[in-house]
Number of protein chains: 2
Amino acid sequence: MTGSADVALRAGVSRSTVSQILNGRAHLFSEETVAKVRETAAVMGYRPSLAGRTLVRGKSDIVITLIPDITFGPTVREFVDLLTEGLAKEGLTNLLRLSSSDDTLQDAVLGLRPHSIVTMAPLRPEDIERLEKQGIYVIGQSQAFQAAADVTIGRLQAEHLLGQDYKRIAVVRPRSIREQYSAPEREKGVLEYGSLHAMEVLPTLEIGLTSDEALKAVGSLPAGRIGLACYNDEVALAILGAALREGVSIPAEMGIIGVDNSVIARASTPTITSISMDLELNVRELVGHIVSGRELRIPPEATDEYTRGFTVIQGDTTRR
Amino acid sequence: MTGSADVALRAGVSRSTVSQILNGRAHLFSEETVAKVRETAAVMGYRPSLAGRTLVRGKSDIVITLIPDITFGPTVREFVDLLTEGLAKEGLTNLLRLSSSDDTLQDAVLGLRPHSIVTMAPLRPEDIERLEKQGIYVIGQSQAFQAAADVTIGRLQAEHLLGQDYKRIAVVRPRSIREQYSAPEREKGVLEYGSLHAMEVLPTLEIGLTSDEALKAVGSLPAGRIGLACYNDEVALAILGAALREGVSIPAEMGIIGVDNSVIARASTPTITSISMDLELNVRELVGHIVSGRELRIPPEATDEYTRGFTVIQGDTTRR
DNA sequence: CACCCACATTGGCACGCGTCAATAGTTGTA
DNA sequence: TACAACTATTGACGCGTGCCAATGTGGGTG
């Protein structure tokens with residue numbers, strides 16, 4: 001592997017010269033030397049070892065983004081893409097880590113001495129404390145914030161359903177463990193809004209994501225117009241297909257709203273009403289905080305501000 | 001940040017002792033010392049700096065998995081999960097890098113001196129050569145292999161459709177750029193099988209993933225029984241929904257087969273016939289090759305062997 | 001008692017890099 | 001000529017680690 005010493009040898013200068021020229025001190029050297037070093041480095045495909053650099057600097061330029069065990073849908077993907085791009089502009093390298101429930105996996109990454117760790121899922125407070133005690137800057141949705149966002153989503157669903165004149169509603173959530181992070185909070189949001197506005201909220205349905213279970217769930221519902229607040233678009237799709245099969249008329253007898261505004265919502269027929277979120281807004285803010293190293297602790301009273309950016313996308317599965 | 005020296009000081013031993021005990025040479029030391037060092041390290045939350053270790057070893061324990069700009073669906077997610085898990089058992093840390101088309105992004109990762117790089121998308125031969133010249137072990141589907149696999153998928157779709165007595169078929173692919181990697185090859189597989197078995201293959205439909213476009217596509221089809229080989233389950237879902245809306249009877253008048261065997265295929269009603277792949281098989285093999293450092297170059301004549309593991313999952317959208 | 005050997009532990013080097021003090025070379029000033 | 005003031009470049013140190021050679025420490029054997 002090419003090292004700075006190799007480049008120096010070939011360019012006929014000292015290793016120190018190479019290092020300085022490639023680290024923003026080129027103005028100290030003659031144009032001739034600078035050109036020769038740059039060229040040689042390029043030709044040899046030299047990449048400074050992050051190990052050496054990290055060692056001498058004490059921290060790496062690496063940001064680790066923890067992806068929890070949730071569905072990595074288009075929304076999350078786009079978020080991460082934007083984040084990676086934004087960080088790259090600041091000279092930081094974003095790498096992803098799929099964090100299953102196993103705790104030790106997260107620790108494996110600490111050896112990198114990452115610049116900071118971004119979590120897409122709320123970490124337990126004790127974990128955050130442990131990381132920060134090690135000097136790692138942890139950024140991410142606090143449990144409180146995540147909860148607030150999910151409650152907001154649930155509230156929006158209920159609000160939309162009521163606005164479309166579904167006065168009797170129910171929550172539908174998947175049985176899969178992967179979704180257990182947010183499901184209770186979203187349900188809470190629906191229930192709160194429902195009871196606040198005198199809606200009739202039926203017991204929550206929990207289904208496996210198969211056609212059979214969806215049919216059973218739909219069959220278990222009482223007759224009469226009803227609105228279903230689904231955990232995400234996949235759940236909504238399952239319910240929608242089953243309802244159509246059972247001859248339930250959509251949206252007259254049954255209203256369905258999902259979450260994510262995914263391809264599923266837009267591609268199915270009828271299109272599914274869903275909830276989208278404004279990612280760019282969040283990403284821009286996030287990058288700023290990472291670079292500046294300022295704390296990103298959302299005070300409880302300000303969570304409302306951060307739960308903006310959620311928008312109901314009207315589809316054909318809900319209509320007055 | 002805690003270092004091995006800190007641990008040594010607190011445990012009352014030399015730094016060297018700490019290092020050796022934590023690196024598989026514990027048998028050289030007394031039980032008492034080993035216990036004390038292990039305990040102290042645990043209490044202090046010591047994680048050896050990867051920088052130091054990499055420096056002295058010349059290579060890190062990090063495997064970089066490049067995720068191309070394709071849909072990170074459940075199948076890919078599961079594959080990566082399994083891979084991460086398998087590598088962890090071998091002491092390797094798997095990190096993900098979302099690689100957009102931008103070349104420089106990949107280089108950013110070279111400074112890590114990764115143990116190897118796994119690519120989920122075929123890299124250009126010159127890129128592979130460049131990486132290997134730097135001593136990085138590149139593993140991944142060669143363009144040839146990926147192509148072979150995709151052709152196989154297409155062939156399987158056509159075969160299944162013919163088996164279910166759809167003698168007139170068409171390919172449906174999404175317009176999105178993200179899917180352009182595999183789409184042509186899958187189409188090729190369908191066409192080849194079709195012409196080989198005297199099937200009538202209609203011109204390929206290209207649709208955006210919206211309900212409207214799907215309706216238009218379905219409307220453009222001639223009357224009579226037809227089988228549609230869809231690029232993936234999302235496309236299949238779009239077509240299915242549109243067909244049901246148009247009163248096309250499924251599977252009598254129209255057969256639909258997707259790819260991925262995703263939640264979509266199982267959750268929709270009717271369930272969608274799809275193609276699944278045996279991930280664990282591939283992953284186990286992959287991990288073995290990474291650890292052993294042996295070449296994983298699939299010889300052209302052996303591609304067939306690697307394209308096994310694809311299975312048609314019968315759903316309700318195709319039936320004789 | 002002298003010797004050797006196994007055991008338990010430590011000292012010291014090298015890895016590649018960024019940085020800063022130190023050096024050589026050149027020009028300007030008194 | 002002597003000396004300062006600059007410019008262009010280099011030497012040397014230390015970051016944290018893994019590992020090998022070296023050291024100390026007993027206990028057993030002759």
Side-chain angles (χ1 to χ4, degrees), chain A residues 1-38 40-41 44-62 91 108 110-115 134-136, chain B residues 1-38 40-41 44-62 91 93 110-115 134-136:
Chain A
M1 191 84 199
T2 319
S4 60
D6 303 316
V7 176
L9 192 66
R10 184 124 139 203
V13 297
S14 76
R15 199 193 56 75
S16 169
T17 302
V18 172
S19 179
Q20 303 207 53
I21 287 181
L22 300 181
N23 281 286
R25 299 195 191 286
H27 61 280
L28 295 176
F29 296 83
S30 70
E31 276 185 34
E32 185 188 13
T33 308
V34 170
K36 177 182 284 184
V37 167
R38 288 235 164 90
T40 312
M44 300 180 73
Y46 167 64
R47 297 279 145 195
S49 155
L50 236 176
R53 164 179 289 172
T54 300
L55 212 46
V56 70
R57 288 208 178 145
K59 261 200 177 184
S60 71
D61 291 338
I62 294 210
L110 285 184
L112 275 175
R113 303 293 186 267
H115 175 281
Q134 295 290 328
I136 308 282
Chain B
M1 191 85 197
T2 319
S4 60
D6 303 317
V7 176
L9 193 66
R10 186 124 138 203
V13 297
S14 77
R15 199 194 56 75
S16 173
T17 301
V18 173
S19 178
Q20 305 209 54
I21 288 181
L22 300 181
N23 280 286
R25 300 196 189 286
H27 60 279
L28 295 175
F29 296 83
S30 70
E31 277 186 35
E32 184 187 13
T33 307
V34 170
K36 178 181 283 183
V37 167
R38 288 237 164 88
T40 312
M44 299 179 75
Y46 167 65
R47 295 282 144 194
S49 155
L50 234 176
R53 164 180 288 171
T54 300
L55 211 46
V56 71
R57 288 209 178 144
K59 264 198 174 183
S60 71
D61 291 338
I62 293 203
T93 301
L110 285 185
L112 275 174
R113 300 294 184 267
H115 175 281
Q134 295 289 327
I136 308 281

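Note that this is a predicted model, so its numbers are computed, not measured. What you see below is based on every heavy atom in this structure, not just the backbone, and it leaves out hydrogens, waters and symmetry mates. Lettering follows sequence order; numbering is per chain, from 1.
Heavy atoms only, all atoms of each residue included: Ala26(B) and Arg38(B) are closest at CB-NH2, 3.7 Å. Listed here is the closest heavy atom pair of Gly52(B) and Leu55(A): N-CD1, 3.8 Å. For the pair Arg113(A) and Pro48(B), the tightest heavy-atom approach, listed with the atom from each and the gap, is NH2-C, 4.0 Å.
At a non-hydrogen distance threshold of 4.0 Å, nothing from residues 5-12 of chain B comes into contact with DNA chain C. Only Leu28(B), Phe29(B), Ser30(B), Thr33(B), listed by number, bring a heavy atom of residues 23-34 of chain B to less than 4.0 angstrom from any atom of DNA chain C.
Between Gln20(B) and Arg57(A), the residue whose closest nucleotide on DNA chain D is further toward the 5' end is Arg57(A). Looking at which nucleotide of DNA chain C each of Ser14(B) and Thr2(A) is closest to, the 5′-most match is held by Ser14(B).
Partners of Ala35(B) according to the side chain to side chain contact (heavy atoms under 4.5 Å, CB included) rule, which considers only residues two or more places apart in sequence or in another chain, do not exist here. With sequence neighbours excluded, the residues that form a side chain to side chain contact (heavy atoms under 4.5 Å, CB included) with Thr2(B) are Gln134(A), Asp6(B), Val7(B), Met44(B), Tyr46(B). Considering only residues two or more places apart in sequence or on other chains, Arg53(B) meets the salt bridge (charged side-chain N to carboxylate O under 4.0 Å, His left out) condition with Asp61(B). Residues forming a side-chain hydrogen bond (donor to acceptor under 3.5 Å, both in side chains) with Thr17(B) (at least two apart in sequence, or on another chain): Ser14(B). Taking Leu9(B) as the reference, nothing meets the side chain to side chain contact (heavy atoms under 4.5 Å, CB included) condition, with sequence neighbours excluded. Thr33(B) is linked by a side-chain hydrogen bond (donor to acceptor under 3.5 Å, both in side chains) to Ser30(B), counting only residues two or more places apart in sequence or in another chain. The side chain to side chain contact (heavy atoms under 4.5 Å, CB included) check on Ala11(A) picks up Val13(A), Lys36(A), Val37(A), Thr40(A), with sequence neighbours excluded.
Within the 4.0 angstrom heavy-atom criterion, only backbone atoms of the sugar-phosphate kind lie near Ser49(A); the bases stay farther away. Among the protein residues, Thr17(B) comes within range of the nucleic acid bases, having at least one heavy atom under 4.0 Å from a base atom. Using a 4.0 Å heavy-atom distance criterion, Ser4(A) is classed as a sugar-phosphate-only contact.
Once you apply a 4.0 Å limit to the heavy atoms of chain B, the touched nucleotides of DNA chain D run 5' to 3' over dG16(D) to dC20(D). Running 5' to 3' along DNA chain C, contacts with non-hydrogen atoms of chain B at under 4.0 Å begin and end at dA8(C) to dG16(C).
The line from CD1 of Ile21(B) to OG of Ser16(B) is 9.5 Å long, rounded to the nearest 0.5 Å. With values rounded to the nearest 0.5 angstrom, Leu28(B) atom CG is found 7.0 Å from Arg25(B) atom CZ. Distance CD1/Ile62(A) to NE2/His115(A): 11.5 Å, rounded to 0.5 Å.
Five base pairs at each end of the helix from dC1(C)-dG30(D) to dA30(C)-dT1(D) define two local axes, and these are offset by 80° (rounded to 10°).
Panel note: side chain Ser60(A), backbone Leu112(A); a donor-acceptor pair is recorded below 3.5 Å.
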